[in-house]
**Student:** 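For reference, the structure I am asking about is given below.
Counting convention: from 1, in listed order, for ligands and their atoms alike.
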Amino acid sequence: MTKRIGIAGAAGRMGRQLVAAVTEHPELELAAALQRPGSPLVGSDAGELAGLGPIGVKLTDGLAAACGGLDVLIDFTLPDATIDNARICREHGVRMVIGTTGLGDEQKAEIEATSQQVGVVFAPNFSVGVTLSLRLIEMAATVLGDGFDVEVLETHHRHKIDAPSGTAARMGEVLAAALGRDLRACAVYGREGHTGERDSRTIGFQSVRGGDVVGDHTVMFLGQGERMEVTHRASSRMTFARGAVRSAVWIAERQGPGLFDMEDVLGLR
Ligand code: NAD
C-alpha cells in the first residue's frame, strides 16, 4: 500500500534530496512538503526546487493542517523546529524519521517522549556505510581497549552549524560505551596551547569546516608501533536521503510506538 510521506525542511540541502528520493520510490507518495513559516519559498513547487521539474506539490508551512494526510514525517530541519514538529506528530499519530542533529539533552528527551506515542527512527547519519562503521569501531575499541589512543576526526561543508557532527558525537558514544568510559568526562574537543601529555583515557574530537564537503569521518586508534583507522566519506547527500526513505518505509510498516535507529532499520540488532 502506498505510504504518504511529509518532508519538513523540504527546501533545505537535505530536503531537496529527500523530495527526489521520495518521488523516485514506487511505494511512496509525497503528500506534504513543509518549510519554515515565513519562508519566501512557501508556495513554490517542491519538485522544481529539487531540480525535478514541477510535481504539483507546493511548499506549505502548516504541519498540523497536513498531518491528517500523512503516515510518516521525515524531518531534517533545526533542533527547535524538530521538537515543535515532534509535538504535533505525536498529537496526530504521525510516525517520524528524524535526521536533524545538534539536539540538546532536553530536546532528546522530547524525542523519547514522542517515541512513547508513535514510532520514531532517529539517527545522526542515515548512510548504510556509517551505520556499519559504528559496528566496526565498536569492535575495534572492544578488542584494542585502553592500550590505544582514540581520536575522532570529521570534516563538513562550510554551512554546517553544529560541531562536532552528530555522527562524530554518536561515534564517541559508541566508543565510550565499548571502552567503559563516560563520554562527558573523557571527551576532549580540539586542543590549543600548553595541553600537557595526552591522557590515555580521553577520546579526542577534531572538526574541520570548509567548502562543499558532504561529510567525512575517521576514527583513529593510535597504539605503540601501529595505528588503525576507520574512515567513511560521503560524496552525495542522496545516500542519507535514500537511508531516510528506507527508514520511512520500515517505520510505516511497523506497529506501535518505539525509538529506533538505522541499525534497527538495517536489521543489525
Ligand atoms: P539546511 O539549512 O539546508 O536545511 C534545513 C531546512 O529546514 C531549511 O530550508 C530551513 O528553512 C528549514 N526549516 C527550518 N525551520 C523549519 C520549520 N519549522 N519547518 C519546516 N522547515 C524548517 O540544512 P541541511 O544541510 O539540509 O541539514 C538539516 C539537518 O539535517 C541538520 O541538522 C544536519 O546536520 C542534518 N543532517 C543529517 C543527516 C543524517 O543522515 N541524519 C545528513 C545530513 C544532514
**Student:** Suppose I only count heavy atoms of Arg36 and a 4.0 Å limit; which atoms of ligand 1 are within that range?
**Tutor:** 11 (O), 13 (N), 14 (C), 15 (N), 16 (C), 17 (C), 19 (N), 20 (C), 21 (N), 22 (C)
**Student:** Check Arg158 with Asp212, please: is the shortest side-chain N to carboxylate O separation under 4.0 Å?
**Tutor:** no
**Student:** As an exercise, identify every atom of ligand 1 less than 4.0 angstrom from a heavy atom of Ala81.
**Tutor:** 15 (N), 16 (C), 17 (C), 18 (N)
**Student:** Answer side chain, backbone, both or neither: which part of Phe240 comes under 4.0 Å from ligand 1, heavy atoms only.
**Tutor:** side chain
**Student:** Treating Ile, Leu, Val, Met, Phe, Trp and Tyr as nodes and any side-chain heavy-atom pair under 4.5 angstrom as an edge, say whether Ile74 and Val121 lie in one connected cluster.
**Tutor:** yes
**Student:** Does any N or O atom in Ala123 lie less than 3.5 angstrom from one in ligand 1, N or O only?
**Tutor:** yes
**Student:** For Ser127, is at least one N or O under 3.5 Å away from an N or O on ligand 1?
**Tutor:** no
**Student:** Does Thr231 reach the side chain of Arg233, with side-chain heavy atoms less than 4.5 Å apart?
**Tutor:** yes
**Student:** Please confirm whether His157 comes within less than 3.5 Å of ligand 1 when only nitrogen or oxygen atoms on both sides are compared.
**Tutor:** no
**Student:** Does ligand 1 come near enough to Arg13 that some N or O of the ligand is less than 3.5 Å from an N or O of the residue?
**Tutor:** yes
**Student:** Under the rule for ring-ring contact (aromatic ring centres under 6.0 Å, His included), what residues qualify as partners of Phe148, not counting sequence neighbours?
**Tutor:** none
**Student:** Please list the nearest protein heavy atom to atom 4 (O) of ligand 1 with its residue and the distance rounded to 0.1 Å.
**Tutor:** Gly12 CA, 3.3 Å
**Student:** Does either side chain, that of Thr239 or that of Ser127, offer a donor lying less than 3.5 Å from an acceptor on the other one?
**Tutor:** no
**Student:** Heavy-atom distance under 4.5 Å between the side chains of Ser165 and Thr101, does that happen here?
**Tutor:** no
**Student:** Taking only heavy atoms of Thr101, which atoms of ligand 1 are found under 4.0 Å from at least one of them?
**Tutor:** 32 (O), 33 (C), 34 (O)
**Student:** Establish, yes or no, whether a centroid distance under 6.0 Å links the rings of Phe240 and Phe126.
**Tutor:** no
**Student:** Is Glu229 salt-bridged to Arg227, going by a charged N under 4.0 Å from an acidic O?
**Tutor:** yes
**Student:** Polar-atom distance check: Ala11 versus ligand 1, any N or O pair below 3.5 Å?
**Tutor:** no
**Student:** If you have a sec, work out which protein heavy atom is nearest atom 36 (N) of ligand 1 and how many Å separate them, to one decimal?
**Tutor:** Gly99 O, 3.7 Å
**Student:** Between Leu78 and ligand 1, does any nitrogen or oxygen pair lie at a separation below 3.5 Å?
**Tutor:** no
**Student:** Taking a cutoff of less than 4.0 Å between a non-hydrogen atom of the residue and any ligand atom, is Pro124 in contact with ligand 1?
**Tutor:** yes
**Student:** Go through the structure and list residues passing ring-ring contact (aromatic ring centres under 6.0 Å, His included) with Phe122, not counting sequence neighbours.
**Tutor:** none
**Student:** Which atoms of ligand 1 are found less than 4.0 Å from any heavy atom of Gly9?
**Tutor:** 6 (C), 7 (O), 12 (C), 20 (C), 21 (N)
**Student:** Taking atom 28 (C) of ligand 1 as the point of reference, which of Thr100, Thr239, Thr77 owns the nearest heavy atom?
**Tutor:** Thr77
**Student:** With nothing but distance in play, are any N or O atoms of Lys160 less than 3.5 Å from an N or O of ligand 1?
**Tutor:** yes
**Student:** Is there a side-chain contact between Leu134 and Met171, using heavy atoms and a 4.5 Å cut-off?
**Tutor:** yes
**Student:** Can you tell me which residue and heavy atom of the protein come closest to atom 8 (C) of ligand 1, and the distance to 0.1 Å?
**Tutor:** Gln35 NE2, 3.8 Å
**Student:** So which protein heavy atom does atom 40 (O) of ligand 1 come closest to, and at what separation?
**Tutor:** Phe126 N, 2.9 Å
**Student:** Taking the side chain as every heavy atom from C-beta outward, state whether Cys89 and Arg87 have any atom pair closer than 4.5 Å.
**Tutor:** no
**Student:** Classify the side-chain pair Thr131/Arg135 by whether it contains a donor and acceptor separated by less than 3.5 Å.
**Tutor:** no
**Student:** Looking only at N/O atoms, are Met14 and ligand 1 under 3.5 Å apart anywhere?
**Tutor:** yes
**Student:** How far is atom 38 (C) of ligand 1 from its nearest protein heavy atom, and which residue and atom name does that atom have?
**Tutor:** Phe76 CE2, 3.4 Å
**Student:** Run the salt-bridge test on Glu154 and Lys160 with the 4.0 Å N-O cut-off and return the result as yes or no.
**Tutor:** no
**Student:** Which ligand 1 atoms, with their elements, are less than 4.0 angstrom from a heavy-atom of Asn125?
**Tutor:** 39 (C), 40 (O), 41 (N)
